[in-house]
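One structure is given here, and the rest of the page talks about it.
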Amino acid sequence: MKRRKVDLAQAPATIARGTDERFQAATPLRALLNKVFPDHWSFLLGEIALFSFIILLLTGVFLTLFFDPSMKEVAYEGAYPALRGTEMSAAYESSLHLSFEVRGGLFMRQMHHWAALLFMASIVVHMARIFFTGAYRKPREVNWVIGIILFLLGFFAGFTGYSLPDDGLSGTGLRIASAIMLSIPVVGTWLSAAVFGGEFPGHLIIGRFYIAHVLLIPGGLLALISIHLALVFKQKHTQWPGPMRTNTNVVGERMFPRYALKQGGFFMACFGTVALLAGLFQINPIWLFGPYRASEVSSASQPDWYVMFMDGLVRLMPNWQIYIGDYSIPPLFWPAVVGLGTLFTLPMLWPWLEARKSGDKRIHNLLERPRDNPERVGIGAMALTFFLVATISGANDVIADKFHISLNAMTWAGRLGLIIGPPLMYWLAVRVCLGLQQHDREVLAHGVETGIIRRLPNGQFVEVHQPLGPVDDHGHPEPLPYGGWVVPKKMNRVGALAPAIKGFFYPVEKPAEAPVSPGMPPVSGDEREEITSGR
Amino acid sequence: MTSVQHDSEADRQASTVDVFDPKVSRFDIVKEGLRRDEIEIITYESQFQGTNSKAEKRVVRNIAFLFIISGLAALAFLGFYIWWPWRFELGHTMGDYYTPALGLTLGISLFALGFAILAWAKKLLPHEVSIQKRHDGASPTDEQLITGQTAMFVADELAGGVQRRPLLKGAIGLAAAPLGIAAAAPLIGGLIENPHKGDPPPLFSTGFNPVHNNGNPVRLAREDGTPIRPEDISTGGQATVFPGIPGGATNEFADSPTLLIHLRPDDAEETRRNAEADRRNRGSMYGDYVAYSKICTHAGCPASLYEQQTNRLLCPCHQSQFLITRNAQPVFGPASRRLPMLPLGVDDEGYFVAKSDFKDTVGPDFWERP
Ligand code: HEM
Ligand code: FES
């Protein structure tokens, strides 16, 4: 019998051919390998959100293996002495078990919680980047809306998550959630009864939150994140203006090998950050809070930071009660239901509102520098100020306590801040943008300040400017158009001085790459003139 | 994904390289692929001058070093994970450092790995600038038209057909509507709970309702269930009390926790004057004792911080403040409604009882509160 020789070297090609015969994968795979991505540090923020979501999935699955979502009362007999003999829910007991009696369990719990904080933080900063650079403009409005829904889902993922351990703190949060539902006119009591399965707290809520937390919400997040990324892929990433960059191309590097490798490196660094935080900084020490009791609360009970703006708004709301005949609307309704609803729907409409106001129906693949659209920056500054004041007010009792300020003063400061702060910041942001714009135009018109002072014959002192472009017959610079990108403002940026030394331990041989404006090519060696005749 | 549609015939014609020619280099084939994907490579150059330059060797050494650190830290992580004492014990023990040791070693390992990969990508791989064309905007107008007409055709076959056959229209309506509701009913119906059912309805009653004690007044009890006499609380003192019924201090009766306060005589005088002037609170105090629901009328937190000097009760959740001497009216913060007062009495054995349930609704406010 003849032995069939297997040529191992041919195996990959054979398998590849076989695959292609079945799936016609060659062309799309090549397009994927070749896809060009623009690069900028700010494009990484969204990736951090994606990476922390992956960490959440990994650590979360581990937690489910030990967590018991039951509200059955049990007497604690575990390893933590201070609570032995205490009656508590099985959910709380299993969380304590996870923290003390599972090897590495506490580490996993803390990783999960830190990853959740990082997830929400990166979403917020990513959203700010998208907003201030105008990346949400046509054709990317839908991805902006998806992003806001992702924040909302993350908000609920976090809230359901830290409600699960059923400790003193999370029970208080649940109680407030129930009150928020109760505050809704007409259907409030029915809604709360439906969610809690009767009167608060009942016996069902942890089980219901559990399935929402580990299945429904992550499922929704996963689906939306997939659509989000698929749209980025399909529509291609936006890019900053710059040399060669136009509205109809993408300038950058191909996805493979360099871009993908960098992403892998960033993922590991992100994972490492979460591991360090989880190991070194305690988070949510549930054993200190005790089981939930309706009669007990620790002062300074704060939710996670991304829920704090809600808490702050609720604290700042004056106690206005509205009576309609025999019925009433409690003040809680306004910040917690109407407020939250508006805070999420208004931003969703923003891309269309802006397009409508400016009448701009064009497709935008080039980002705008924030300074070039002062009004947008002003509105963004307003929104951030509002969020910030609300968030700080969510901790106003802690601040009052730490800095010995009266609580009432803090509340009033928050109320006033919420009204005065945003317009003030709007005005300030617009002024700053206009100032920056003007400086760019000045440099383009007159050149870079050299720091060299000349004395004119009449005794006047003037600073010598290095023109950025050609000069006319009188030695006056010809005005240059603004290209929407960084204008060099230092002499070493135009190559007239030694570049700033790069490299931490050793200087790197290659000079720093100077950002260049389109229509303003970098001054290269032989074209450079010695400054002899400054104006 | 980008699906740049290529007419392979046109591609082959435009192609300047014969990819099957064995003499063509791999990079030329790659370039041909780029051309088909409408990509132009502007620069693709090594970051080093020449091969094996000193600078390149140094970068390679650094990257190798990072990889090795990553491996060592991972080994350290395993070592700590397996051998370091990890069980919780009281006091300051080695076990306290278990989680930090895990975090530190895993963190260093992942960081080193991440930086190694980043340095590899950024420092070793050739620097590249490529330009790819975008294809924005709508599909060709004829495509739009064809798809639109196809959709209209489908709609016409279905909806138009139904329009022409009235019997079908009615029948489908009759089938679809009940089935839709039938599909939704079990999902929603199972969740609906009437918040007003029960006697007494739980929204309006607490564990102090006499029904929980066979119609007799319910005693005030501490958390462990022991009843309380007036003498147990000194002047100016206070205690959290629960209904003295089985499970009265558990979350079954989450609305029942109550704050019992023994006021100083002058405060008691003022409190009584205000209570007597009020229709609902009249006669609810017992001597210098007054009891208010501890469940904040704002969002239901226990309003548990009692300031003796000012006679204010502060809720730690959103800082509402209630004035004890004035029927627990809210004086600051977002709460809009006073804390209900529990009608106090003393039974034959000298223990505090609730003469009746709270006369106001306890807890957070809602639409149909009487
Ligand atoms: C974006 C998604 C997620 C967010 C923002 C999030 C957030 C949280 C937070 C803040 C906690 C409280 C942690 C603590 O005890 O300190 C938590 C607990 C928990 N999470 Fe998640 N999580 C997410 C996804 C997941 C997923 C996908 C799973 C599982 C498949 C999961 C499973 C769990 C479990 C079982 C607990 C309770 C563990 C315990 O505290 O004992 N989570 N989550
Ligand atoms: S729950 Fe008491 S002030 Fe909000």
Side-chain angles (χ1 to χ4, degrees), chain A residues 30-31 34 36 79-81 100 103-104 106-107 172 175-176 179 182 185-186 188-190 193-194 197-201 233 236 248-251 253-254 258 261-262 264-265 268-269 271-272 275-276 278-280 294-295 297 299 314-315 317 319 321 327 330-332 363 365 397 407-408 509, chain B residues 1-2 4 33-34 37 39 55 81 86-88 90 99-100 102-104 106-107 110-111 113-114 117-118 120-121 125 128-134 136-137 191-193 195 202-203 240 251 254 257 294 298-302 304-305 316 318-319 330 332 334-336 364-369:
Chain A
R30 187 197 66 219
N34 278 343
V36 174
Y80 185 62
F100 292 120
R103 197 188 272 255
L106 179 61
F107 183 51
T172 305
R175 179 74 200 209
I176 296 174
L182 285 175
V186 187
T189 49
W190 290 81
E199 208 197 6
F200 174 87
F233 231 86
K236 295 202 171 80
T248 53
N249 72 6
V250 190
V251 177
E253 42 189 29
R254 287 165 300 155
R258 205 161 173 245
L261 204 59
K262 275 198 285 194
M268 288 302 122
F271 210 153
L276 279 181
L280 301 182
S295 58
V297 68
S299 74
V314 166
R315 287 175 189 209
M317 178 75 202
N319 59 351
Q321 179 112 2
Y327 300 102
L332 188 56
I363 281 184
N365 294 319
D397 53 335
L407 236 173
N408 302 15
E509 287 120 302
Chain B
M1 193 185 304
T2 46
V4 188
L34 292 173
D37 287 330
I39 298 168
Y81 184 79
W86 62 276
R87 287 191 178 278
F88 182 82
L90 218 50
T99 302
L102 292 187
L104 209 59
L106 187 63
L110 289 167
F111 251 113
L113 179 63
I117 296 177
L118 279 173
W120 179 14
L125 288 180
E128 163 179 350
V129 176
S130 299
I131 304 186
Q132 184 168 24
K133 279 216 186 88
R134 285 178 196 270
D136 284 318
L191 286 176
I192 292 180
E193 291 276 341
L203 267 179
T240 300
N251 291 342
K294 207 176 164 181
H298 176 233
C301 286
S304 50
L305 307 178
H318 314 106
Q319 288 83 46
F332 190 79
S336 53
D365 210 0
F366 48 90
W367 176 249
E368 65 268 41
R369 173 182 56 82

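Naming: A, B, ... by sequence-line order, numbering from 1 per chain. These figures come from a predicted structure and were not determined experimentally.
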(request) Can you measure from CG (B:Asp365) to CD (A:Gln321) and round to the nearest 0.5 angstrom? (result)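 B:Asp365 CG to A:Gln321 CD: 4.5 Å, rounded to 0.5 Å.
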(request) Rounded to the nearest 0.5 Å, what's the gap from CG on A:Leu332 to CZ on B:Phe366? Could you check? (result)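 It is 13.5 Å, given to the nearest 0.5 Å.
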Would you call [X] and [Y] a side-chain contact if the rule is heavy atoms closer than 4.5 Å?
X: B:Ser130; Y: A:Val251; answer: no
X: A:Thr248; Y: B:Asp136; answer: no
X: B:His298; Y: A:Asn319; answer: no
X: B:Ile131; Y: A:Val36; answer: no
X: A:Glu253; Y: B:Val129; answer: no
X: B:Trp367; Y: A:Pro330; answer: no

Heavy-atom pairs under 4.5 Å with chain A: which of [options] has the most?
options: B:Arg87, B:Lys133, B:Glu193; answer: B:Glu193
options: B:Ala299, B:Pro364, B:Pro195; answer: B:Pro195
options: B:Pro302, B:Gly114, B:Pro257; answer: B:Pro302

(request) Spell out, as yes or no, whether a donor-acceptor pair under 3.5 Å connects the side chain of A:Arg315 to the backbone of B:His318. (result) no
(message) Between A:Lys262 (side chain only) and B:Leu118 (backbone N and O only), is there a donor and an acceptor less than 3.5 Å apart?
(response)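 The answer is no, because no donor-acceptor pair under 3.5 Å joins these two groups.
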Of the backbone (N, CA, C, O) and the side chain (C-beta and beyond), which part of [X] lies under 4.5 Å from a heavy atom of chain A, both, or neither?
X: B:Thr99; value: both
X: B:Leu125; value: both
X: B:Leu106; value: both

Looking only at heavy atoms, what is the nearest atom pair of [X] and [Y], with distance?
X: A:Phe200; Y: B:Ala254; value: O-CB, 3.9 Å
X: B:Phe111; Y: A:Ala269; value: CZ-O, 3.8 Å
X: B:Asn251; Y: A:Pro201; value: O-CD, 3.2 Å
X: B:Gly107; Y: A:Leu276; value: CA-CG, 3.8 Å
X: B:Ser336; Y: A:Pro331; value: OG-CD, 3.3 Å
X: A:Trp190; Y: B:Ile192; value: CZ3-CG2, 3.9 Å

(message) Heavy-atom pairs under 4.5 Å with chain B - which of A:Pro81, A:Ala278, A:Gly264 has more of them than the others?
(response) A:Pro81
(request) Could you have a look at A:Leu280, A:Leu182, A:Val186, A:Leu106 and say which one has the most heavy-atom pairs with chain B under 4.5 angstrom? (result) A:Val186
(message) Is the positively charged end of A:Arg103 above the ring of B:Tyr81, judged by distance under 6.0 angstrom from the centroid and angle within 45° of the axis?
(response)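 Output yes; distance and angle both within limits.
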(message) Which atoms of A:Ile363 are under 4.5 Å from chain B, going by heavy atoms: the side chain, the backbone, both sets, or neither?
(response)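 The side chain, not the backbone.
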(request) Go through B:Phe332 and A:Leu407 one step at a time and tell me if the side-chain contact (heavy atoms from CB on, under 4.5 Å) criterion holds. (result) CA-CA 10 Å; B:Phe332 190 79; A:Leu407 236 173; 5.9 Å; no
(request) Taking only Lys NZ, Arg NE, NH1 and NH2, and the carboxylate oxygens of Asp or Glu, determine whether A:Arg254 and B:Glu128 approach each other closer than 4.0 Å. (result) yes
(request) Would you check if there is a donor-acceptor pair between the side chains of A:Asn249 and B:Gln132 at a distance under 3.5 Å? (result)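 No, no side-chain donor-acceptor pair sits under 3.5 Å.
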(request) Would you please say whether a donor-acceptor pair under 3.5 Å links the side chains of B:Glu368 and A:Thr189? (result)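 Per modelled atom types, B:Glu368 and A:Thr189 side chains form a pair under 3.5 Å.
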(message) How about CH2 on B:Trp120, more than 12 heavy atoms from neighbouring residues, nucleotides or ligands closer than 6.0 Å, or not?
(response) no
